[in-house]
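All residue numbers refer to positions in the sequence shown, counting from 1. In listed order, ligands and their atoms are each counted from 1.
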Amino acid sequence: MGSLLIKNGIVVTATGTTAADVLVRGSRVVAIVASADDLGLTADRTVDAAGRLVIPGGVDVHTHMELPFGGTFAADTFETGTRAAAWGGTTTIVDFAVQTKGESAMDGYERWMAKAEGECAIDYGFHMITGDINEQTLKEMDMLVDEGVTSFKMFMAYPGLFYSDDGEIVLAMQKAAENGSVIAMHAENGIAIDVFVNQALARGETDPIYHGLARKSVLEGEATHRSIRLAEVTGATLYIVHLSAVEALDEVIRARDEGRKVFAETCPQYLFLDLEDLGNGFEGAKYVCSPPLRDRAAGHQRRLWRGLQTNDLQVVSTDHCPFCMGNHHTFGTQKQLGRDNFAAIPNGMPGVENRMELIFDGGVGQGRISVNRFVEITATAPAKMFGMFPQKGTIAVGSDADIVILGPNRTHTISAETHHMDVDYSAYEGRKVTGKVEVVMSKGKVIIEDGQYLGAKGDGEYLRRGHSMML
Ligand code: DUC
Ligand code: ZN
Ligand code: ZN
């Protein structure tokens, strides 16, 4: 691969904004200078970024390509999902490998490695979902850290599926504290939630809206509190995934005020959508995910934005886990599985392609956060949190040339007609956003330009992650 010069743009990182030229040689950034011309720097190719922002490629640390769930699979494969991510300005994902009950964690990891190998458009890493905590799994957690899987997702929800009880969580947290990995927690009290779910169904309340009403925000707060205290007694570093509720945020704020190693992400769906989207009969199935969308009037959205402003929330990821409303060409019927029973609707929604533009528009465009904070929460902090910085998440000499050129004033409308995710609806259909990803570079290769995908499957490589740098 040759050299490439990005000229005349405004280079934005988490810490600064400068008019600068960026020189890329091979897969890395080799110089950031005020004027390449003045220094006589040339390259095989020049890209003019005049009037546009030059930002680090997005890092989405929460995706589920091909996740088996509720009798089907998430609709995007590693091929289609990572390509869609690239279209939206994301150049790194961390997906979730799954250990099922009775299976060895290493076997689960290898299965997921095989699914992704040679398929991805962008670089990818894995967290491990530990679905069966036992002596062997605890040993395998050390082996996985050596493989670059330095974070383990546990579920306080989904009894009978991914659920771990408090004792299992303590054992895994003790191991994580010992080997320096991070526990990523799905914090909803699934045992209590299932009681409300079953009571609703017994009353004949089968529509998607009841998914939102049964999974009470207090029960997210309770589980968040419990996981924080379990992390306290074990010394583990805790990362709360997909935080959606004020009650959970308040627990995170309290823990951070106490100086604890507690971090949290939220997702665009909790910042832009709400409980009302779950209404409108079965149309609401599009928005069934867990935790559920929350009541806007109760202030959840407003508080989440404030959490991002105050750094009580450090990351925005997507929890991209799409299921079709109709039949998926490979996996068949998806959301329809729950037509008469909201509990049977596969949980999840699409978003990997929309995150950067939504947060730029709703965050920077609406004056809620600076452009530097935008870069921080979408790229730099996730890369630091999960041991990929400074290779990923910034534009610096020596970093991978994962770079996005974004037109800050270009407006477009999000739609399933034009998106690239392999799913038949958009959760943001018709939403007009200002700020458009125009050029995307992955490790020095231009993969999106002039409305065309120029990459190939297999461009993306496995990322052996290190330890978290957020401690
Ligand atoms: N939540 C979802 O909405 N989908 C997949 C898993 C999860 O925790
Ligand atoms: Zn989850
Ligand atoms: Zn998830």
Legend entry - Interatomic distance, Ile169 atom CD1 to Arg226 atom CZ [nearest 0.5 angstrom]: 6.5 Å
Legend entry - Degrees at the Zn ion (ligand 3) between the NE2 atom of His62 and the OD1 atom of Asp319, nearest 10°: 80°
Inset, instruction - For Glu220 and Ser244, indicate whether the former's side chain and the latter's backbone hold a donor-acceptor pair under 3.5 Å. - result: yes
Inset, instruction - Give the C-alpha distance, both sets of side-chain angles, the deciding distance and a yes or no for side-chain contact (heavy atoms from CB on, under 4.5 Å) between Phe374 and Ile55. - result: CA-CA 10 Å; Phe374 162 72; Ile55 63 174; 3.8 Å; yes
Legend entry - Which of the ligand 1 atoms, numbered from 1, are nearer than 4.0 Å to a heavy atom of Lys153: 8 (O)
Legend entry - Contacting atoms of ligand 1, where contact means under 4.0 angstrom from a heavy atom of Cys289: 3 (O)
Inset, instruction - Compute the shortest N/O to N/O distance between His186 and ligand 1 and return yes if it is under 3.5 Å, no if not. - result: yes
Legend entry - Numbering as shown, the atoms of ligand 1 that approach His242 to under 4.0 Å (heavy-atom distance): 8 (O)
Inset, instruction - Would you mind running through ligand 1 and noting each atom that sits below 4.0 Å from a heavy atom of Gly348? - result: 3 (O), 4 (N)
Inset, instruction - Classify the side-chain pair Thr318/Arg355 by whether it contains a donor and acceptor separated by less than 3.5 Å. - result: no
Legend entry - Shortest reach to atom 2 (C) of ligand 1 by a heavy atom, considering only Val288, Asn347, Leu161: Asn347
Inset, instruction - Examine all N, O or S atoms of Lys153, backbone included, and report whether one is under 2.8 Å from the Zn ion (ligand 2). - result: yes
Inset, instruction - Would you mind naming the N, O or S atom of His242 nearest to the Zn ion (ligand 2)? - result: NE2
Legend entry - Closest protein heavy atom to atom 3 (O) of ligand 1, given as residue, atom name and distance to 0.1 Å: Ser290 N, 2.9 Å
Inset, instruction - Please identify which atoms of ligand 1 are closer than 4.0 Å to at least one heavy atom of Cys321. - result: 4 (N), 5 (C)
Legend entry - For atom 7 (C) of ligand 1, the protein heavy atom that lies nearest, with its residue and separation: Tyr158 OH, 3.5 Å
Inset, instruction - Answer with yes or no after comparing the ring centroid distance for Phe69 and Tyr158 against a 6.0 Å cut-off, counting only values under it. - result: yes
Inset, instruction - Taking the six-membered ring for Trp and the full ring for Phe, Tyr or His, determine whether the centres of His328 and Phe73 are under 6.0 Å apart. - result: no
Legend entry - Check: Arg339/Gln336 side-chain N/O donor and acceptor closer than 3.5 Å: yes
Inset, instruction - Output the list of atoms in ligand 1 that are nearer than 4.0 Å to some heavy atom of Phe155, sorted by atom number. - result: 8 (O)
Inset, instruction - Could you tell me whether the Zn ion (ligand 3) has an N, O or S atom of His186 under 2.8 Å away? - result: no
Legend entry - Donor + acceptor pair across side chains of Asp132, Gln99 (<3.5 Å): no
Inset, instruction - Check whether the side chains of Asp60 and Thr90 place a donor and an acceptor atom closer than 3.5 Å, and report yes or no. - result: no
